[in-house]
Amino acid sequence: MNQLFLNLIAAGLQPAVPPFPERDSFWMPRAVSTSAGHVDWLYYFIYWTSAAVTVAVVAAMVYFVVKFRAKSRSANEQPTATSDHNTTLEITWSVLPMFFMVAFFYFGFKGYLELRTPPQGAQEVHVQGQKWSWSFTHKNGCQDNVLHVPVNKPVRLIISSVDVLHSVWIPNFRVKMDAVPGRYTDLWFEATEPGEFPLECTEYCGTSHSDMLSKVVVQSQSEYDSYLDECTKVDITAEGGQKVYEKKGCATCHTVDGSPKVGPSFKGLWGSERSFASGSPVTADENYIKESILEPQAKIVTGFPPSMPTYKGQVSDDEITALIEYLKTLK
Ligand code: HEC
Ligand SMILES: [Cu+2]
């Protein structure tokens, strides 16, 4: 028993055990961060302990049910037991589980501290949740709805929300943190291999919660650096506008193929006459589109809810001009 316990402690103290499942397992996707190994190890430790205890308890129960069943109704009504207390037994079943409880706490708390303590000098990225998309802002001002990070570097996400509770979850990294309106929260990870991994909202936040999907793109440092350079440039062309449309998450609520989603489709919008819940109709021109992006509540298109968030301070004038050029091409 003692030796087993010491082995468990030794295993827990090792730095980053080899990421546990190297492939997607029945329970969890492949582990791709430095702390994922510890999380999985603890998970399986608790899981197998619980499984063993369940089997033992059920087996004992079945055995006693059979062994001590009443032979007849009259026998059942005549209590025959003489013993009602067994000190050895009681101490055994209190002390033995205590070792396991202490181990759960020890490894759990150790893992918790590790997950809550970003290493010094971690690269910081701001994350903003908004119904129903994510936006990631890097040091140089680059803003995107997909998270790019360098491989083998600690990254700290500083998380906030514009509207309601959201939650950042990156299953492959085994990290998760709520995005709370009005305050900052954070989490950190260090990705161990390049690739693309899902990032999703895991706090129910309204109609399109399940569309609040993004991904983490883990790249080499040089690829990441050139991504940062590219990312801040905006071409004032239809192609540039299409990129803005994708990056700023407009596609969560709008389409370009004519089918309505949360908001109207952009197909055929340019130059058409728009009618509103109140006020007189206008033709969709540059000013109307700019106003729709910066002050979406000013005119509410007939048949749609007033649920578009403002993009004031989040899209630049160049980006709006590029978007307008893009909308012009969607006949
Ligand atoms: C959360 C969902 C949502 C997001 C995200 C969103 N919109 Fe909207 N948008 C709407 C809704 C709903 C309407 C219709 C109601 C209204 O007029 O405000 C609308 C209306 C518009 C209109 C007027 C459309 C028309 O048919 O007259 C424009 C232009 C527009 N959005 C542009 C954008 C752009 C550009 C983005 C990305 C930067 C964006 N929207 C992001 C929900 C959204
Ligand atoms: Cu959400």
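Computed from a prediction, not measured in an experiment: that's the story for all the values here. Numbering of ligands and ligand atoms starts at 1, following listing order.
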**Fill in**
Taking every heavy atom of Phe189 against every heavy atom of Leu187, the minimum-distance pair comes out as CD2-CD1, 3.8 Å
**Prompt:** Among all protein non-hydrogen atoms, which one is nearest to atom 15 (C) of ligand 1, and what is the separation to 0.1 Å?
**Reply:** Pro305 O, 3.5 Å
**Message:** Just to be sure I read this right, does ligand 1 sit under 4.0 Å from the backbone of Ser133, its side chain, both, or neither, counting only heavy atoms?
**Reply:** neither
**Message:** Keeping to distances under 2.8 Å, can you name the protein N/O/S atoms close to atom 8 (Fe) of ligand 1?
**Reply:** His254 NE2, Met308 SD
**Asked** Would you call Arg156-Asp186 a salt bridge at under 4.0 Å N-O?
**Response** yes
**Side chains of Ser275 and Thr302, donor plus acceptor under 3.5 Å** = yes
**Message:** Whether the side chain of Ser33 engages the backbone of Phe173 through a donor-acceptor N/O pair (distance < 3.5 Å, no angle test) should be reported.
**Reply:** yes
**Item:** Any donor-acceptor N or O pair under 3.5 Å, side chains Lys139, Gln123
**Value:** no
**Request:** Please check if any side-chain donor atom of Ser272 sits under 3.5 Å from a side-chain acceptor atom of Arg274, or the reverse.
**Result:** yes
**Prompt:** How far is atom 5 (C) of ligand 1 from its nearest protein heavy atom, and which residue and atom is that?
**Reply:** Tyr311 OH, 3.2 Å
**Asked** Does the His166 side chain pair with the main chain of Cys205, one donor and one acceptor, at a distance under 3.5 Å?
**Response** no
**Message:** Below 4.0 Å from ligand 1: does a non-hydrogen atom of Gly249 turn up there or not?
**Reply:** yes
**Prompt:** Salt bridge check: are Lys328 and Glu325 linked by an N-O gap of less than 4.0 Å?
**Reply:** yes
**Prompt:** Nearest protein heavy-atom contact for atom 32 (C) of ligand 1: which residue, which atom, what distance?
**Reply:** Phe266 CZ, 3.4 Å
**Prompt:** Which value, rounded to 10°, describes the SG(Cys201)-the Cu ion (ligand 2)-ND1(His166) angle?
**Reply:** 130°
**Message:** Looking at non-hydrogen atoms alone, which of Arg274, Glu273, Lys290 comes nearest to atom 26 (O) of ligand 1?
**Reply:** Arg274
**Asked** Looking at residues at least two apart in the chain, or sitting in another chain, which of them share a salt bridge (charged side-chain N to carboxylate O under 4.0 Å, His left out) with Lys312?
**Response** Glu295
**Item:** Proximity flag Tyr288 to ligand 1, non-hydrogen atoms under 4.0 Å
**Value:** yes
